[in-house]
Structure formats: structure tokens, C-alpha cells
Amino acid sequence: MKQNAIFHETNIGPLTITAENDHIIGIDFGVISPANHVNIPVIHEAFRQLSEYFTGKRKIFNLPLNLSGTNFQKSAWEALLKIPYGQTITYGDIARMMCKRKAYRAVGMACHGNPISIVIPCHRIIGARGNLTGYGGGIDIKAWLLELEAKHTHGLQI
């Protein structure tokens, strides 16, 4: 299986987008050494959609994803994809959505292992007391993403 990765500079710094067999398998903060640097349409499409997201023009991503993780992680990431743009929920809310009420810490670990940042919106997860919790890109970027979404959601404030 051939992996290809390209990094792009964005409003929040560089993002590395990795694809395998025409599916996105990773969106990481920073510059990750690419396995191969070639012209891959799905990577360019991901960057185009992210650019639209950063300007408030895109609220839903439409990308072919290939998630690699445990069954629990994949279930958690699928649940994250159901969080509407501009809204936040807690780790406990995700655990309840998965019918695993007491698994909120495991949900937190799944978020920590999220391979496709922003598209799988773990930035929309907040602590039980409404506080911003850890994020792979850092709390400042998490706050920036939530503010971006709030600004482009009709009157919603986060």
C-alpha cells in the first residue's frame, strides 16, 4: 500500500495530509515527513475543502476516509462525525451516543488518537464542566476552530 503525504500552510499553521489508495488516512498538525510527494487528487481535494472550512464556506466535509484503529476507536470517530458544525458536546455525550455510558475516558483516548484532525471534529468535544480540554493541535487552535464555527453559525456562541 502506497502512502502519499503533502503538507500545506493554513490559517492555523502547516497541516500534513496523508492518503493511501485514494482515501485520506491522516490530517496532522505540523510538517510530517512525507512517504512520497506526488500529485494526489484526493489530497488536493482535502486541502480545498479545508481551505473552504477555514473561510467559513464549508461546514460538512465530503472526503473518502480510511480509518485505522480499534473497533471502539472507529465507533467513537464515527460518533464524532455526527456532531453538527458549531456545536460542542462532552466525552460523556459521545459515550452515551455509543451506548457505552461509562466509557467517557476511553472516548477521550480515542479522541487523542484521532488520525484525521478537523474533518473528524474532536475539537468539538469539551469537558463535562464546559471547559476546553486537550487537543492535538493545542488548546489555542481548538479555541480558534470553535470561534471560527461560532462566527459562521447563526448567532451560536461558544
Side-chain angles (χ1 to χ4, degrees), residues 2-69 73-91 93-94 97 107-108 110-127 129-158:
K2 189 174 178 185
Q3 288 187 0
N4 297 286
I6 299 174
F7 80 93
H8 289 282
E9 201 55 51
T10 70
N11 301 32
I12 56 173
L15 290 176
T16 298
I17 303 171
T18 307
E20 183 176 85
N21 299 332
D22 296 324
H23 287 81
I24 299 299
I25 62 168
I27 298 178
D28 297 290
F29 295 99
V31 178
I32 311 298
S33 267
N36 297 300
H37 189 103
V38 294
N39 187 12
I40 303 296
V42 72
I43 291 177
H44 293 292
E45 177 61 17
F47 178 66
R48 185 184 71 75
Q49 289 188 29
L50 284 164
S51 296
E52 291 174 354
Y53 169 81
F54 290 133
T55 61
K57 294 178 183 170
R58 175 170 293 274
K59 295 178 176 48
I60 298 171
F61 292 96
N62 182 20
L63 295 167
L65 306 178
N66 185 2
L67 301 173
S68 179
Q73 288 173 319
K74 289 177 184 179
S75 293
W77 299 331
E78 290 293 330
L80 290 171
L81 288 168
K82 295 176 183 170
I83 306 169
Y85 180 94
Q87 294 186 22
T88 58
I89 64 175
T90 67
Y91 296 103
D93 293 332
I94 291 289
M97 285 172 65
V107 168
C111 288
H112 178 72
N114 176 7
I116 304 177
S117 298
I118 303 168
V119 172
I120 298 176
C122 57
H123 62 276
R124 295 180 188 151
I125 303 292
I126 58 174
R129 294 183 180 98
N131 55 318
L132 294 187
T133 56
Y135 186 64
I139 294 293
D140 290 345
I141 290 177
K142 182 174 189 163
W144 189 90
L145 293 170
L146 291 174
E147 288 171 17
L148 170 77
E149 291 185 11
K151 182 169 71 170
H152 294 285
T153 303
H154 304 292
L156 179 64
Q157 292 190 1
I158 297 173

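Values below: all heavy atoms of this structure, side chains included; hydrogens, waters and symmetry mates excluded.
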Sub-4.5 Å side-chain heavy-atom contact between I125 and I89: yes
Can you give me the closest heavy-atom contact between G56 and L148, atom names plus distance? N-CD1, 4.5 Å
Applying side chain to side chain donor-acceptor pair (under 3.5 Å) to T133 and not counting sequence neighbours gives Y91, K142
Determine the minimum heavy-atom distance between N4 and I43, stating which atoms define it. O-CD1, 3.4 Å
When you check the gap from the basic side-chain N to the acidic O, do R48 and E52 get nearer than 4.0 Å? yes
Answer yes or no: is there a donor N or O on one side and an acceptor on the other, between the side chain of N114 and the main chain of C111, under 3.5 Å? no
Using a cut-off of 6.0 Å, state whether more than 12 heavy atoms not belonging to D22 lie near its atom CG. no
Between OH of Y53 and CG of N11, what distance do you get to the nearest 0.5 Å? 10.5 Å
Given side chains that start at C-beta, do those of V119 and I24 come closer than 4.5 Å, heavy atoms only? no
Looking at every non-hydrogen atom in both residues, tell me the closest pair between I141 and Y135 and how far apart they are. CG2-CE2, 4.0 Å
Mind checking whether F7 and L15 have side chains closer than 4.5 Å, heavy atoms only? no
With a 4.0 Å cut-off on N to O distance, would you call E149 and R124 a salt bridge? yes
If you compare all heavy atoms of H123 against all heavy atoms of I118, which two are closest, and at what distance to 0.1 Å? CE1-O, 3.7 Å
Please give me the minimum heavy-atom distance between Q49 and F61, naming the atom from each residue. OE1-CA, 3.5 Å
